Each structure stands twice: as structure tokens, then as C-alpha cells.
*Asks:* 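Handing you this structure, nothing more for now.
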Amino acid sequence: MSWLTGLLGAAGLLAIAHMDEEGPQQASCALIAEGEDAERRGPDSFRAECPANLPGLQQAADGALAALDLDIRPMRYRTLTFAEEIHFQNSGTGWTPLPGQRVVGSGMQMPTRAVERGVRHMLCAFAIEPDPNGRPADVEVECFGDASGSERRLTRAGREGVQTWRYLPVAVRYCIDEQTLDTAHVIVGRPGQAQYAEPPSPMPDPSRLPSLCSRE
């Protein structure tokens, strides 16, 4: 079982397969989430639509999606987001999914108590090792905000929020660095009085976020 570290993205892959003279053949399939109000309730299933002229690609996509853990319970007031494509490579022995593909995501739920204490920005870094079904099984989290003393509360919220994420199952073990930024928009006013949006505050420096996979 191999070990991959860092962000293993698939950005820039073409929907039509191509052959790189120095690398494997790569291809993409469209990804469709199915189910009533899937963004709020969680998907019932996923369906892939792959190029028909690439033998074995559809079967590889169907197999990967069949292994995906769909026991997803979105957090209250949060909606899920879904990848529009999934990506594969073929080194001559058949199609395999590329690691590091997040197919289900969502924003973080900023703790109410933290907002009451002045937090307006929540920045989190994650080191995630997905299990064979694409669920974040081993997660390291560090979060901070723009008010001192909030780190512990924000980190706990980040650890809870990442449990709704899912990655396309692959046959290798790897660690992926993920980072998020969430902002609270506060409306100020009392009943019977005019309300107004609180002016935005400066965001903390995102460069403070660590790369947690490199620590392991």
C-alpha cells in the first residue's frame, strides 16, 4: 500500500482522454448527485457519465462510486457541495481514480459563542487520510480566528464539519492538506429598530495556516 502526502488535485484534466508521451492516459467523467434536495439532505447516490469511446472507464467510475460512503448527515443550516467531475488515469493496466478528489464538501458551522466573542473569520487547516470508502477517518485540525482565545472552540467545530466531506475511493493510502475560510456576517439591531450589517473586519493572514500532512 503506497503513501502519498500533500494536495493531490486533478485540476486541468480534460473531459476527453489524452495520451501524454511521458505519462499515463488521463480522462474525466461528469458526476451527478441524485436524490431529492441532495444539497440539504445528502445524496441518495452518485452517477458518472464517462466518454463512451474509452473501454473500461465507465466501469471504473461505477466501481469507485459504489464504494463511496453515503452515510452523510449535513449540519443544520449548511448545504453540501458536489464535484462536477471525477478524474482517472490509465498506466496500461486499466483505469484507476486519482487520489485527493473531494466529491462532497460543505462549509464550516462557526460556533455561536465564538461569534458573540468577536470572531468574524474562521480559518482552518486539515490533514486528512480518507478511508477506503472515502470518509475522513484520520483527521488533524488546526483553526484560528480574529479574536484571541477562540482556537479551541473553532478547532472543535472544524473537526465536526469535516465529517460530511467525502473523497473518491482509491486503492492507496494518502494524506491530503485542505484549508478553509469561513466568514460570519452579523446583523446589528434591536426589535423595533432599524437593523444594519456590521462592517466587515480584516481577515487574518491565511499564510498562518500550517501544512499538517508534512508534520506526519
Side-chain angles (χ1 to χ4, degrees), residues 5-9 33 37-43 68-83 100-131 133-168 173-191 193-216:
T5 300
L7 179 59
L8 301 174
D37 200 11
E39 291 83 1
R40 295 183 181 277
R41 299 182 181 179
L68 184 64
D69 183 343
L70 292 178
D71 182 16
I72 303 172
R73 296 177 177 85
M75 298 179 68
R76 191 177 183 185
Y77 305 126
R78 289 292 178 180
T79 58
L80 301 175
T81 59
F82 308 119
Q101 299 185 67
R102 177 149 49 102
V103 295
V104 179
S106 69
M108 298 291 110
Q109 182 72 53
M110 194 177 298
T112 301
R113 184 64 61 86
V115 175
E116 292 173 346
R117 295 188 175 184
V119 175
R120 298 295 180 265
H121 301 283
M122 175 179 172
L123 293 82
C124 295
F126 304 88
I128 299 172
E129 296 178 28
D131 69 13
N133 302 113
R135 190 183 188 103
D138 190 359
V139 182
E140 294 294 329
V141 187
E142 287 189 19
C143 299
F144 65 88
D146 44 357
S148 61
S150 62
E151 291 80 8
R152 191 172 184 177
R153 184 173 283 108
L154 296 179
T155 295
R156 184 168 59 248
R159 187 177 301 278
E160 293 172 353
V162 78
Q163 296 307 313
T164 61
W165 295 4
R166 294 292 183 274
Y167 294 83
L168 192 65
R173 182 185 176 197
Y174 67 95
C175 179
I176 182 169
D177 280 305
E178 295 269 19
Q179 297 181 346
T180 61
L181 165 62
D182 291 88
T183 300
H185 300 279
V186 178
I187 305 299
V188 180
R190 295 181 178 179
Q193 297 180 351
Q195 297 182 340
Y196 63 93
E198 180 184 76
S201 60
M203 182 182 69
D205 184 2
S207 67
R208 290 172 53 194
L209 287 170
S211 297
L212 297 179
C213 285
S214 62
R215 296 183 181 178
E216 298 186 357

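The model shown is predicted, which means the values in this text are computed figures rather than measured ones.
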*Asks:* To the nearest 0.5 angstrom, please state how far the CZ atom of Arg78 sits from the CE atom of Met110.
*Replies:* 7.5 Å
*Asks:* How long is the gap from OH on Tyr174 to CD on Glu129, to the nearest 0.5 Å?
*Replies:* 10.0 Å
*Asks:* Val104 versus Phe82: any side-chain heavy-atom pair under 4.5 Å?
*Replies:* yes
*Asks:* Supply the atom-to-atom distance Asp138 CG to Ile128 CD1, rounded to the nearest 0.5 angstrom.
*Replies:* 10.0 Å
*Asks:* Hey, does Pro43 have a side-chain heavy atom less than 4.5 Å from the side chain of Leu70?
*Replies:* yes
*Asks:* Of the non-hydrogen atoms in Thr155 and Val141, which two are nearest, and what is the gap between them?
*Replies:* CG2-O, 3.6 Å
*Asks:* With heavy-atom distances below 4.5 Å as the criterion, would you say the side chains of Pro111 and Leu154 are in contact?
*Replies:* yes
*Asks:* Which heavy atom in Gly100 sits nearest to a heavy atom in Tyr167, and how many Å separate them?
*Replies:* C-CD2, 4.2 Å
*Asks:* Determine the minimum heavy-atom distance between Glu140 and Leu212, stating which atoms define it.
*Replies:* O-CD1, 3.4 Å
*Asks:* Would a 4.5 Å heavy-atom cut-off, applied to side chains only, mark Thr81 and Glu39 as touching?
*Replies:* no
*Asks:* To the closest 0.5 Å, what do you measure between CZ (Arg117) and OG (Ser150)?
*Replies:* 9.5 Å
*Asks:* Atom CZ of Phe126 and atom CD of Gln179: how far apart are they, to the nearest 0.5 Å?
*Replies:* 9.5 Å
*Asks:* Could you tell me the separation between the NE2 atom of His121 and the SG atom of Cys143, rounded to the nearest 0.5 Å?
*Replies:* 15.0 Å
*Asks:* Under a 3.5 Å distance rule, please check whether Asp131 uses its side chain to pair with a backbone N or O of Asn133 as donor and acceptor.
*Replies:* yes
*Asks:* Are the side chains of Leu168 and Leu68 in touch, meaning some heavy atoms are under 4.5 Å apart?
*Replies:* no
*Asks:* Show your working on side-chain contact (heavy atoms from CB on, under 4.5 Å) between Arg40 and Leu80 and close with a plain yes or no.
*Replies:* CA-CA 6 Å; Arg40 295 183 181 277; Leu80 301 175; over 6 Å; no
*Asks:* Of the non-hydrogen atoms in Ala125 and Pro210, which two are nearest, and what is the gap between them?
*Replies:* CB-O, 3.4 Å
*Asks:* For Asp146 and Met203, indicate whether the former's side chain and the latter's backbone hold a donor-acceptor pair under 3.5 Å.
*Replies:* no
*Asks:* Could you tabulate the donor-acceptor pairs under 3.5 Å formed by side-chain atoms of residues 156-164, not counting sequence neighbours?
*Replies:*
residue : atom : partner : partner atom : Å
Arg159  : NH1  : Val139  : O            : 3.0
Gln163  : NE2  : Arg159  : O            : 3.4
Thr164  : OG1  : Ser106  : OG           : 2.9
Thr164  : OG1  : Gly161  : O            : 3.1

*Asks:* Taking C-beta and beyond as the side chain, do Arg135 and Arg166 meet within less than 4.5 Å on heavy atoms?
*Replies:* yes
